[in-house]
Each structure stands twice: as structure tokens, then as C-alpha cells.
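Predicted model, so just to flag it, every value in this text is computed and none were measured.
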Amino acid sequence: AAFQQAIRDKGIPVYNVVGNHDLYNSGWPLWKASCTPYTSTYYFEASGFEWYFLDTGSGTLGRAQFYDLKRKLRSSPKPKLLFTHYPIYGNGIFYFALSNPRERAELLALFARTNVKLYCAGHYHPSAYCDYGPFQEHVLKAFGLFAHYHIMHIDGINQTYTIQSFSLK
């Protein structure tokens with residue numbers, strides 16, 4: 001929380017997604033109190049993209065969130081960026097992936113048809129990357145374990161993004 005506040009004090013926006021450690025072991029009250037915007041699922045539009053922050057802290061989207069996401073993604077042709085905790089496939093190690101195989105398959109098909117450009121996740125700490133054709137999945141290295149942080153650069157005119165990774169070691 002102190003790190004996030006220091007970054008925000010410098011005028012750098014910080015957007016959070018809830019993870020499995022935030023939900024369990026009494027982490028949820030601290031997460032809700034310190035991580036903006038103090039909710040686990042939210043959406044906004046900026047820089048020519050729609051930005052979706054999803055709650056997969058339990059290893060799944062769940063029915064209600066899945067159908068809400070499906071409706072929102074289908075309602076707009078704009079390019080979309082999705083951020084969440086669990087990867088779709090976790091580099092093939094299913095302990096690190098979304099737990100419901102049908103949900104994973106439906107998400108891949110949905111993303112391919114609705115102008116999703118990026119699915120960005122964590123949970124699999126070493127990192128992973130998969131190019132699905134219409135969109136890419138980036139699983140970013142863990143900050144604490146690997147001392148990495150990531151900055152996303154957006155080009156709204158060309159509807160592109162880049163992710164720059166930095167090591168503190």
C-alpha cells in the first residue's frame with residue numbers, strides 16, 4: 001500500500017486487480033481499504049481503449065461476472081485491454097490458470113471476436129506470453145519475487161500498446 005501511494009503521489013496512475021492472496025488469509029479487508037478504486041471489478045475508457053479490471057482472485061470469473069463481461073465486450077467495437085490475476089493457461093501449468101476449462105475456452109472465443117488486444121495477468125510468477133492471433137496474453141513477473149515492475153505505454157491513435165519491464169536487481 002505504501003508503494004502504491006508513493007507512485008500515486010508522483011502522478012502515476014495505479015490500477016489494481018485482486019489476487020488469491022488478497023482474498024484469503026484476512027487480506028480482503030486490507031485490499032479493499034488500500035487499493036484504488038476499492039472494488040474488485042471495474043471498467044473505464046481512456047486513450048482510445050476500453051479498460052477492464054476483472055476479479056479472478058478465486059481462480060474463476062464466475063457466472064455473473066462472465067455474463068456481464070460478455071455483454072460489455074459485445075456492445076462495443078473499440079479495442080479492449082483486460083487485466084486480471086489468473087492467466088488463461090498459465091504457461092500450461094493448470095495450477096496457475098483459470099480453473100474452469102469451459103470458461104477458458106469461451107473466453108478465448110469471445111476475445112477473438114470482440115477486439116480484445118491484451119489479456120494481462122499475474123499469478124504465474126516467472127511470466128509467460130501467448131499470441132492467440134487477434135490478442136496476446138502477457139503474464140507479468142511478480143514484483144516481490146523477481147523485483148520487476150512494468151509500465152504500459154499506450155498509443156491510442158494506432159490502437160497499440162507496449163509493456164516495458166524493469167528489474168530492480
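F111 is not listed as a side-chain neighbour of Y132, based on a closest heavy-atom distance of 4.5 Å or more. With contacts defined as side-chain heavy-atom distances shorter than 4.5 Å, the pair K78/Q159 does not qualify. At a threshold of 4.5 Å between non-hydrogen side-chain atoms, the residues L82 and F135 do not count as touching. With a 4.5 Å cut-off on side-chain heavy atoms, Y89 and L108 count as touching.
Heavy-atom contacts from other residues, nucleotides or ligands closer than 6.0 Å to OH of Y95 number 12 or fewer. Dense packing is recorded around CD1 of I151, with more than 12 heavy atoms of other residues, nucleotides or ligands lying under 6.0 Å away.
A donor-acceptor contact shorter than 3.5 Å links the side chain of K80 to the backbone of T114. Although no hydrogens or angles enter the test, the distance criterion places no donor-acceptor pair under 3.5 Å between the side chain of D155 and the main chain of T160. A donor-acceptor pair is defined here as one N or O able to donate and one able to accept, closer than 3.5 Å; no such pair exists between the side chain of N16 and the backbone of V18.
With rounding to the nearest 0.5 Å, the separation of NZ in K117 from CD in E50 is 12.5 Å. Rounded to the nearest 0.5 angstrom, K72 NZ and L69 CG are separated by 8.0 Å. To the nearest 0.5 Å, atom SG of residue C35 and atom CG of residue L30 are 7.0 Å apart. Between the CG atom of L98 and the OH atom of Y86 there is a distance of 9.0 Å, given to the nearest 0.5 Å. Taken to the nearest 0.5 Å, the OG1 atom of T60 stands 8.5 Å off from the CD atom of Q65. Interatomic distance, L23 CG to S40 OG, rounded to the nearest 0.5 Å: 7.5 Å.
When all heavy atoms of G19 and H85 are compared, the pair lying nearest together is CA-CG, 3.4 Å. For the pair G48 and P79, the tightest heavy-atom approach, listed with the atom from each and the gap, is O-CG, 3.3 Å.
Across I88, L73, L61, N100, a single residue satisfies side chain to side chain contact (heavy atoms under 4.5 Å, CB included) together with L107, and that is L61.
Qualifying side-chain hydrogen bond (donor to acceptor under 3.5 Å, both in side chains) partners for S99, counting only residues two or more places apart in sequence or in other chains: none.
Residues L110 and Y67 are members of one and the same hydrophobic cluster, defined by side-chain heavy-atom contacts under 4.5 angstrom among Ile, Leu, Val, Met, Phe, Trp and Tyr. Under the 4.5 Å side-chain heavy-atom criterion for grouping Ile, Leu, Val, Met, Phe, Trp and Tyr, W28 is not connected to Y38 through any hydrophobic cluster.
Summarising the hydrophobic clusters (Ile, Leu, Val, Met, Phe, Trp, Tyr; side-chain heavy atoms under 4.5 Å, direct or chained), the residues clustered with M152 are Y15, V17, Y42, F44, F49, W51, F53, L81, F83, L118, L140, I154, Y161, I163.
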